Every structure is written in structure tokens, then in C-alpha cells.
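Here is how names work: the chains are called A, B, and so on, in the same order as the sequence lines, proteins then strands, and each is numbered from 1. Just the heavy atoms: all of them, side chains too, but no hydrogens, waters or symmetry mates, feed the values below. Owing to the predicted nature of the structure, the values given are computational and were not obtained by experimental measurement.
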Number of protein chains: 2
Amino acid sequence: MDAKREITIYDIAKEAGVSTATVSRILSNSAGVKQDKRERVQALIEKYNFRPSALARGLSETHSKVIGMLCPDVRNAYYANLFMECERTAFENGYTLVLNNTFAQESLEIAFMEKLLEQRVESLIVCGGVADWRPLPERYAKSLERFAKRVPVVVAGKLDIEPCHQVYIDHAQAMCAAVRHLLTLGHRRIAFMHGFTYIYQTQDKLQAFQETLQEYGVTPRAEYMINAGEFDEQAGLLGMKRLLCLPEPPTAVIAMNDLMAAGALQAVLRLGYAVPGDFSIIGFDDSIITELTEPNLSSVHYDYVHYGKALIQTALCAMNGTQCARDQVIPFRIAVKASCRKIDA
Amino acid sequence: MDAKREITIYDIAKEAGVSTATVSRILSNSAGVKQDKRERVQALIEKYNFRPSALARGLSETHSKVIGMLCPDVRNAYYANLFMECERTAFENGYTLVLNNTFAQESLEIAFMEKLLEQRVESLIVCGGVADWRPLPERYAKSLERFAKRVPVVVAGKLDIEPCHQVYIDHAQAMCAAVRHLLTLGHRRIAFMHGFTYIYQTQDKLQAFQETLQEYGVTPRAEYMINAGEFDEQAGLLGMKRLLCLPEPPTAVIAMNDLMAAGALQAVLRLGYAVPGDFSIIGFDDSIITELTEPNLSSVHYDYVHYGKALIQTALCAMNGTQCARDQVIPFRIAVKASCRKIDA
DNA sequence: TAACTGCCTGAAACCGCTTGCAAGAATCGC
DNA sequence: GCGATTCTTGCAAGCGGTTTCAGGCAGTTA
């Protein structure tokens, strides 16, 4: 294989009999270049299928036109949705989005941050992962702050680290809505199946769950608030089994997310009960999962298009120095499907 | 906001009283630098949290250390799995993977290719999308070939474009195994629910489906091979409804993928039938979806870890010029779960 | 026809890092 | 102690673009 060097702007200039400056002007479509040269150069660009190096351009213009993104695991529909929308918006604005899966491992998150820093990303979007832990590991907070000192960091979640922007869902309000939905349907024995409590969403939802019940005169029962550990369908299944073994089981269950809700649904069905006949179930995220189960799962729905757009838009604003709100809250609504029913109080 | 320039290797060199060459050597950890200078420079790097610019380095070393990847939609668990594994392997080898979602739109695929070319990716991984169409659009094939002329292209699928490497699943064999699985369970009235036939996987599976049945003395029935159009759960649901309306419905259904299988399952359950009691269902991909439904779906399983690793490994080989097989086939197996049962012949 | 405009163009510096080359410093053998 | 080696270093030339600045040229004006 012959050591073929990439075609450069210099080659084009030489063959066209012009200077690199002229070619550069043509590439960036700036005015003030005679038509004949323009055509001659264009033809050569076509001929050699020349593409200017983003590396060189980035170096010279001191901007990379790339935005970094961190998420624990794109296989999770929630993050996939977010990434997708972010990518779209970034692309529309001439940016490339590079995503890294961190598996919520602190060392990996930090390693990726370093790498993104080297790549001179112009902004960083942080979704979940260690950023959701409370208390926040000190080393991680430091890394994030150092990052934010260089380029804008936008967190998809509530982090409250001074230099970071944040776009998030008000989980307390969302939980409140979910509880009210079930209360309205006549449920009084409502359970909340969550996971690790070192995740702030768990804390927020747990608190809102209890407060909302009390507000409506229902006393929260300790045995109805169960920590299933993980946030996956297996945990949901196991957690639900525990609930079903209770002397007085709940009539409705709120799951931390759709995955757990799907697990809970399986547990119920396997024991021969019906949903929503015997038990009502509602999840959070309104991901594709809700459409895959029978019955389809009611869920708290977020506007991912809006969410992704807001994340990138905020990053864009912060990058070009435009003033923009540090906090943004994404609206939600209850997506009523088929897993909850009205019961007699 | 003060126009803060990034710290450069030059700044470090100056403050440490050495040349940039020395700093560079320390950065790349090459031998032959006195311990005292090394320490002095390291300290400054820490102090300023200096990270060398990958842009500059890439330009100077004429390599970007990034690999590009194209897929239609990461929200699809199949691609998410693949991406995840590819990213892991790439990272382990010091490469960054940048993923673009193309929605299988030809113009977007080509646009992304151009962009990746500018970014000087050192290799391209193409997963699905337009690459699965038959016949292959000419403009697309041209783009791909042009790309392959510069850097190695590895296709996750069977494409047979000369300069591209390919790693794929033998869909015919996989279908064959699925059919045999059902035959072994005693089924004779077996249906295949697929989607658009301009996708080569559809063609391969369709043919294998018929051939395998015939091989076992079962005559394929036209009304049991239905084209549901899309490849999603909605299509699966609708397609299954059509099958259930047949005067003599099948006893088992093979769906093009898990998404469609999940849709089919819903259709069956909604009409009051049982799975696997009344109907057996099997899908392809063995994604997380199979664990979310009740009953869990049997499915044809691919080894994603192996698959992703093979894609990147092949790219790596091709990049450094090592000879490597142009074709690689990924093994599969039937993941038996709970959606198929034995019946009396 | 000389002086003045404005438009095109190219020379050259620069972006931040790597590396070949050659010179100076340190170490070694005798 | 001295020349021969072996280490350490720094200089400077790229890598492939962008951009500033000044010069060349044609068209105007007086």
C-alpha cells in the first residue's frame, strides 16, 4: 500500500495556480474571490474529493466544534432518547456530539472528562451517573469544577455546583402528580418502589411521595416504601414480590422508572393477578418500554425533544457568552395508558 | 469574562525553563529526560491542569485517534448494544468512538460521512441503515467506496462492496435454527412476520424460512409469511392480528426482531389467548426487550461483546495494515425463554 | 496623466504539538 | 586526564488550515 498522503489545501492551491489563502476563502465561502478561480478550485476539490481537515481548522480557529456528553449507559432508553435529541440539535448547529458511556463509575467518568478536555470539546453535557450521587464524591466534584472553569458544563439533572448550568425535571412535582393520579383513581394503599437512596432522584421522590400522601390525609406506610436496590426490571420484579407478600398489599404501585415498572408487572402477572384489574402500576420516563408490555404502562412523560434541545441550546448560549438562565425545568405530564384503573375507595 | 487563552506546552516550557521539546517528551512519557526536569514539568502540568490539545497532536502526528460509527437509531437496543461494545474496545485501544444517528436517511448518512471524513476519523464502522438496502442506492455505494479509499470501512452486516471489511450474522442460518427450534417443539403451522423486503435481512430470512420448512417436509404457506411494513412493535401487533384472523391461524410465529415479537405478544394477549399456551412466539436479537414482557420472549441471541469487539478489532487491524479476514461471521444461539412451548403434532 | 479607490490576491505568521538533527553535557575505558 | 560514547537537550521545521496586511491592478476623477 503506497503511503498516500492526504490531499491538502496546498495541493489544490498549487494545481489551481492560486494561493492557499484563496482556496481557504473559497472553502469558507467568503466573498471577494473572482468567479473563474472559484470555479477552477471547486473543480479540483471535486476531482480529488478534498475535505479540509477539521484538526487543522480547529487548531487554527481555536475551536473544535465538538461537544462532549457523558451518560452511564445508552442502552437505557432514557439516555438514548436524550442523546438522540442532543445530537440532532448539535448537528443542526454545526457541532458534533461525542458520547461516552461511563457505567456510573467514578474513575471512568473522570477519565472520559480528561479525554474530552484534550479533545478540546467546547462544552460538556453530563447526564446522570456519578452526578446523581448524594453526597457527591469530592474528587468528582473537583473534576467537574475544573472542567467548568474551562468550558461550559450543562448538567441534565439537579447538581447545584456553582459554575454548571442545569436542566432538570422536578422529580418532586412529578412524583406528586403520579401520587395524585392514583389517589384520584381511588387508591389509598399506594406503594413506592425505588432503588438506592444515594441517588438524589430517589431521595426527592421518596420525600414527595410521603408529603403528597399526607397532604391528602393518607398516612404513608413504611412497608409500602421499598428499596429494591438496582433500578432494573429484575429489581422491580423482586421488589414487587415482596409487596405482594405483605399481609395487606397495596392496590397501586409507583415504580422509580419504566424498567422497574415492567418488572413489577411481570411479578404480578406471574402470581396470577391482573393489571390493572388487581393492581395498578405506574412508572417514570415514558420510554418505549411502556409500549412493549401488556397492558401498556402508564408513566410520567418528559418531553425529550424539548429536554435535549434545552441542553444543547444552553450549552450553545454559554459558549458564545450569551446570558442564559442557569436553571431550567423540563415539563412533564402523566401519560395515561392501560396499567392503572379506578377502584372504589 | 476575560479572554483566557488555553495553557499551552509553550507556557509550561517557559515557566519550567526548558524547551517545548522536553515538555513534549515528558507528555509522551518517552525516556531520556532527566528526573529533575521531569518533576518540575509534571508539577506545572498539575498546577495548571494542563492537557495537551488532541487537535494539535493529531495534526502533527497526522492521526486523530478517532473512529466513526454510523447507525440508524441508538434507541434501538440492537444498535445500543453494538455501540456500547465498540466504544469499550475502542477506548481500551486509545481511540474515541463518535456515533452518528442517521435514521436510515440516505442524505443524512452521506452528510455524516463527509463530516467524519473532515474529522479525519481513522476508520468507519457502518451499522445498518441504508447499507442494508437492496439494491444499494448508487450514490450511497459511491460515497462508501470513496470513504473506503481513504480509511478502512468495516460494515456490521453483509454488504459485499469490495474494499469494505464486514462482520455479520448469518441470518439464513439463524432463521434456520429458529425454524428448527419450533419444528422440534412440534409446531407445523409456523408463520414468519417480517417487514420491508428491500432490507436484505428480510430477504435472507424469508428465503431460509421457506427452505428450512421444505427441508423438513412442511410446505410454506403464503398467508403465513406476512410483511408488516415497519420493524417496530406496532407493526408486530398489527401483523399478528392479521395472522389471528386467518381461518387456520399458525401455532407459532417467528418475528423479525424482538420489538415485533413484543408487539405480536400484545396482540395475542389482547384477544384473550395465552402465550405460550395457545401460540408460541420467538424473536431475534435477544435484547433487553425479551426480559420485559410476560412471558419473557425466546429469541435468537448474538454475542454482542464478541460482535462489537470484532468490529473494532478489524478496524484496528486494517488501520495498521495488518492482514485480516475481510469477512467474519458472528455466532448465535437460541436463547430459550418462556414464549414457546411443545405441542402435540 | 497623476492621484485615488476598491477589489483581488498572495506572502507569511500563527494555532499547539511532535520530532529529526546536531550540539553540549555527562559518563566511560584505559 | 583525554578522547570516545552515550545521554540530554533545544532548535526549528513541519502538520494543514485561517487570517492579517500590504501590494497589484483596473477603473475613476480631476
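One interatomic measurement links the two molecules: CD1 of B:Ile9 to P of C:dT19, which rounds to 11 Å at whole-angstrom precision. Per the geometry, CG belonging to B:Leu55 stands 10 Å off C1' belonging to C:dC15, to the nearest Å. Across the protein-nucleic acid pair, A:Glu61 atom CD and D:dT20 atom P stand 11 Å apart, rounded to whole Å. Taking atom CZ on A:Arg5 and atom P on D:dG14, their separation rounds to 12 Å, with Å as the unit. To the nearest angstrom, C1' of C:dG16 lies 9 Å from CG of B:Leu59. Distance, B:Ile7 CD1 to C:dG16 P: 11 Å, rounded to whole Å. For the pair B:Ile26 CD1 and D:dG10 C1', the computed distance is 13 Å after rounding to whole Å. Atom CD of B:Glu118 is separated from atom P of D:dG17 by 10 Å (rounded to the nearest Å).
Among the protein residues, B:Val23 comes within range of no part of the nucleic acid, since none of its heavy atoms lies under 4.0 Å from any strand. B:Ser24 comes within 4.0 angstrom of a base, heavy atoms only.
Close to D:dG10, at under 4.0 Å from its OP1 or OP2, lies a side-chain N or O of B:Ser19. Taking only side-chain nitrogens and oxygens, A:Lys37 comes nearer than 4.0 Å to OP1 or OP2 of C:dT9. Residue B:Arg120 places at least one side-chain N or O closer than 4.0 Å to OP1 or OP2 of D:dG17. At D:dG17, none of the side-chain N or O atoms of A:Thr20 fall inside 4.0 Å of OP1 or OP2 (strictly under the cut-off).
Nearer to the 5' terminus of DNA chain D, by closest-nucleotide assignment, is the contact made by B:Ala21 (compared with the other of B:Ala21 and A:Thr22). Mapped onto DNA chain D by nearest heavy atom, A:Ser60 and B:Val18 fall at different nucleotides, with B:Val18 at the one closer to the 5' end.
Within 3.5 Å, a donor on the side chain of B:Arg25 pairs with an acceptor on the base of D:dG10, or the reverse.
Of the listed nucleotides (D:dT18, D:dG16, C:dC17), D:dT18 has the atom at the smallest distance from the side chain of A:Arg57. Among the nucleotides C:dC17, C:dT9, D:dG16, the one closest to any side-chain atom of B:Pro52 is C:dC17.
A tilted orientation is assigned to the rings of B:Phe112 and A:Phe91, their planes being inclined by 30° to 60°.
Salt bridge annotation for A:Arg75-A:Asp73: present, with a cationic side-chain nitrogen under 4.0 angstrom from a carboxylate oxygen.
The closest donor-acceptor contact from the side chain of B:Ser53 to the backbone of B:Ala56 lies under 3.5 Å.
With sequence neighbours left out, the salt bridge (charged side-chain N to carboxylate O under 4.0 Å, His left out) criterion links B:Lys47 to B:Glu15.
In this structure, B:Ile125 and B:Val153 have side chains that are not in contact, with every pair of non-hydrogen atoms separated by 4.5 Å or more.
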